[in-house]
Peer 1: 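First the structure, which I've put down as structure tokens, then a few questions once you've had a look.
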Amino acid sequence: MFDNSLRVPRLYKLASKVAKEVSEGRGSIKQLVYQCKHPNIKALYALVVHTFKKSDDIEKLFAKSKLLVKEPKLNPWLAKVLVTELLWGKMRLPDKSKPIKTILAYKQIFKAHLSDFADDFEEVVQVEKPRYVRVNTLKSSVNEVIDGFRNEGWVFKRHADSNDYMSFLENVTNLGPQEFMLDMHIPYLLIFPPKTTFYKHQAYKNGTIILQDKASCLPVHILNPEPGTTVLDMCAAPGMKTTQCASLMEDTGKIYAVEIGRKRYETLKKIIESSGATNVEAINADVLKISGRDYPEVEYILVDPSCSGSGITDRVEIGQQRQDQTKDRLEKLASFQLKILWYALTRFPNAKKVVYSTCSVYPEENEDVVRQVVETCMNYKLVSANRFVKNQWTNFGSAEFGDIGNYCLYARPDIDLTSGFFVAVFERVRGGDKNPFLNETLLTQRIEGWRNNELAGKATKKRRNENVDPAPEETENVYEEIKREEVSEKKIKKEDEVSDTNVVSEGTTENASKKKKKKKKKKKSERSDDQIMYDDNKLQDQINNTEETNEQKKSGNVVKKTKKKHADGSPKNEFINTDIVKNEDDNHKRKTKKKEKKDVVTESGNEKQKKKKKKINA
Ligand SMILES: C[S@@+](CC[C@H](N)C(=O)[O-])C[C@H]1O[C@@H](n2cnc3c(N)ncnc32)[C@H](O)[C@@H]1O
């Protein structure tokens with residue numbers, strides 16, 4: 001029943017039957033294929049031949065992934081045929097039957113293992129992505145933009161079944177050089193043939209259209225903030241998703257767009273300005289320093305943190321790239337991502353929906369982060385992202401993560417014809433609702449940790465983190481590094497100014513060499529800042545089809561000043577539940593009082609000593 005589902009396309013069933021019979025010596029491929037009387041003999045023959053050609057690689061993949069051990073009901077020959085089609089053939093599979101769904105669930109694992117044979121992999125992932133154009137509905141309607149392109153000679157192509165993802169992808173692949181179409185999931189996203197340029201197009205220059213990859217549009221499409229509501233965009237620059245939110249909200253309600261990097265914050269402001277959105281407040285701050293109590297009205301949260309950017313390339317996941325991402329770097333990123341997602345889920349009492357996204361294809365930054373969060377999160381549940389894309393998506397998280405993987409969505413260059421992206425959706429649990437992934441044992445352990453901290457009172461911050469923070473403390477958090485770099489940059493700049501004056505006025509070699517050293521130091525700090533911020537250029541040029549970003553940068557619109565400033569006295573950044581924030585604060589007060597007392601004691605002690613000294617002297 002499992003491996004012979006009627007819904008497995010006949011071509012694959014026959015191919016697996018022929019391949020099996022050939023392997024048993026029951027005839028040649030040609031003979032057996034002809035006996036099948038399939039209408040597309042050529043395709044059947046090619047698929048069987050290809051399956052045998054890739055047999056060695058498939059065996060290795062099966063061994064490494066333990067597919068046949070973990071999925072004992074799966075017909076091994078059908079699995080081989082499906083894997084051949086998925087990795088070296090059409091590169092996609094219709095997702096209707098159980099065997100196909102199983103193979104698709106293992107796709108990421110296969111690809112990760114394919115790094116062992118990188119040459120083959122390049123073959124798999126070389127894809128030409130179409131050009132995606134988001135209509136900025138703050139400036140024009142979708143129909144007006146479509147009519148505009150039609151008037152220029154473009155042919156608008158409709159796809160008959162708006163719910164059939166496979167036929168939609170087929171249509172996208174077959175777009176003629178002068179044809180364009182509407183995306184089947186995002187109703188304000190147009191699709192043009194690959195390499196279509198819009199640099200000089202009026203609609204692009206005036207901000208009516210925005211060049212944004214479909215995958216980068218998915219998180220906000222899924223967040224779907226309603227007009228009049230309040231959104232927190234935790235990692236906002238350059239602002240593609242912020243302005244998409246503004247569009248969806250019809251420029252009503254409020255969006256707080258937070259960005260830690262100074263330069264990126266400036267870009268963010270320009271992009272907001274040129275989009276025509278007026279409901280956005282850009283904030284240059286570390287979002288982990290923002291207190292939920294200052295933003296009690298936040299209902300929707302977008303967490304789109306810095307990541308490895310491994311999805312932003314046409315040749316994803318080839319062996320070398322994976323090796324380039326050192327384990328340490330991925331750990332650091334994952335630790336930061338975990339922290340920021342946890343913060344989103346625990347600090348904003350009125351938030352009802354949180355979307356977490358990355359442009360990474362590594363489970364360490366994706367499913368693994370989600371898993372660590374949902375296992376101990378009482379207030380939110382992970383919901384299926386597929387629900388928000390017409391239940392028609394084909395790529396989900398790794399099967400290694402069970403249902404958590406199934407609930408998360410991946411966009412894949414080779415399948416979805418987009419950049420690589422990951423999206424997970426969390427909704428606040430209400431009434432009798434429960435987070436199905438809650439791990440009671442882990443939660444009990446963590447609560448025990450919190451309680452111990454509270455009781456201990458005098459526990460150091462370090463100890464609290466060990467107990468409470470699901471992110472290992474030894475992996476430094478990225479945002480802390482960014483902050484340190486910024487502080488040291490500022491300090492060096494100041495010192496350089498002083499040192500400049502010294503050199504001019506005194507001209508001593510000592511000062512000159514000091515300056516040199518400081519410059520060297522500054523350069524080093526800039527370099528590591530680059531590493532951590534994951535390339536401004538990469539993000540702007542690649543994730544969001546930066547033509548537009550650069551163009552908007554050039555236009556250099558006047559920048560509005562933000563109204564709200566962020567209190568520095570915001571709560572500490574431990575991984576703690578909102579419920580215990582108050583206790584933490586009380587603790588803090590207790591400690592401060594104790595410290596003051598101690599200070600007084602020391603002072604009076606000193607006073608006594610002085611008096612004693614005076615006496616002796618006298
Ligand atoms: C992947 S990018 C965001 C892209 C953006 N959402 C868009 O669609 O245009 C991540 C951004 O988060 C910023 N960031 C990193 N840590 C942050 C923090 N602690 N607080 C605020 N922003 C942060 C980075 O500087 C970077 O600009």
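What you see is a predicted model; the values in this text were computed from it and never measured. Counting starts at 1 for both ligands and their atoms, following the listed order.
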Peer 1: Could you tell me whether some N/O pair between Gly261 and ligand 1 is separated by less than 3.5 angstrom?
Peer 2: no

Peer 1: Taking only heavy atoms of Met240 into account, list the atoms of ligand 1 that are under 4.0 Å away from them.
Peer 2: 7 (C), 8 (O), 9 (O)

Peer 1: Donor-acceptor pair, Tyr343 side chain versus Ile290 backbone, under 3.5 Å?
Peer 2: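 Present.
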
Peer 1: Take Glu365 and Arg329 through the test salt bridge (Lys or Arg N to Asp or Glu O under 4.0 Å) and record every step on the way to the result.
Peer 2: CA-CA 11 Å; Glu365 297 178 85; Arg329 183 179 156 95; over 6 Å; no

Peer 1: What I want to find out is whether Glu266 reaches Lys269 closely enough, with some N-O distance under 4.0 Å, to be called a salt bridge.
Peer 2: yes

Peer 1: So, does Gln244 sit close enough to ligand 1 that a heavy atom of it is under 4.0 Å from the ligand?
Peer 2: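 No, Gln244 has no heavy atoms under 4.0 Å from ligand 1.
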
Peer 1: With nothing but distance in play, are any N or O atoms of Val287 less than 3.5 Å from an N or O of ligand 1?
Peer 2: yes

Peer 1: When rounded to the nearest 0.5 angstrom, what distance separates CG in Leu190 from CD1 in Ile209?
Peer 2: 8.0 Å

Peer 1: Show the atoms of ligand 1 that are less than 4.0 angstrom away from any heavy atom in Ala236.
Peer 2: 5 (C), 6 (N), 7 (C), 9 (O)

Peer 1: With a 3.5 Å distance limit and no angle check, can you tell me whether Glu259 reaches the backbone of Gly261 through a side-chain donor-acceptor pair?
Peer 2: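 Yes, because the side chain of Glu259 sits within donor-acceptor range (under 3.5 Å) of the backbone of Gly261.
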
Peer 1: Salt bridge check: are Asp233 and Lys241 linked by an N-O gap of less than 4.0 Å?
Peer 2: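 Salt bridge flag = no for Lys241 with Asp233.
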
Peer 1: With a 4.0 Å cut-off on heavy atoms, is Ala285 in contact with ligand 1?
Peer 2: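 Yes, Ala285 has a heavy atom closer than 4.0 Å to ligand 1.
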
Peer 1: Record the part of Pro305 in heavy-atom contact with ligand 1 below 4.0 Å; permitted values are side chain, backbone, both and neither.
Peer 2: backbone

Peer 1: Going by the atom numbers of ligand 1, which of them fall below 4.0 Å from some non-hydrogen atom of Arg264?
Peer 2: 25 (O), 26 (C), 27 (O)

Peer 1: Keeping Gln392 on the side-chain end and Tyr165 on the backbone end, is there a donor-acceptor pair under 3.5 Å?
Peer 2: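 Checking the backbone N and O of Tyr165 against the side chain of Gln392, a donor-acceptor pair under 3.5 Å is found.
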
Peer 1: Between Ser141 and Thr137, is there a donor-acceptor pair closer than 3.5 Å when you use the side chain of the first and the backbone of the second?
Peer 2: no

Peer 1: Looking only at non-hydrogen atoms, which of Cys245, Pro219, Ala237, Ser216 approaches atom 2 (S) of ligand 1 most closely?
Peer 2: Ala237

Peer 1: Is there a polar contact, in the sense of an N or O pair closer than 3.5 Å, between Glu259 and ligand 1?
Peer 2: yes

Peer 1: Number the atoms of ligand 1 from 1 as they appear, then name those within less than 4.0 Å of a heavy atom of Met234, with their elements.
Peer 2: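 Contacts of ligand 1 toward Met234, numbered from 1: 21 (C), 22 (N).
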
Peer 1: Check whether any side-chain N or O of Asn366 sits under 3.5 Å from a backbone N or O of Phe422 as a donor-acceptor pair, and report yes or no.
Peer 2: no

Peer 1: Distance under 4.0 Å to a non-hydrogen atom of Asp286: what atoms of ligand 1 satisfy this?
Peer 2: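 Counting atoms of ligand 1 from 1, those under 4.0 Å from Asp286 are 18 (C), 19 (N), 20 (N).
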
Peer 1: Is there at least one pair of N or O atoms, one from Asp304 and one from ligand 1, spaced under 3.5 Å apart?
Peer 2: yes

Peer 1: Check ligand 1 against Gly239 and write out every atom of the ligand that is under 4.0 Å from a heavy-atom position of the residue.
Peer 2: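 In order of numbering, the contacting atoms are 7 (C), 9 (O).
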
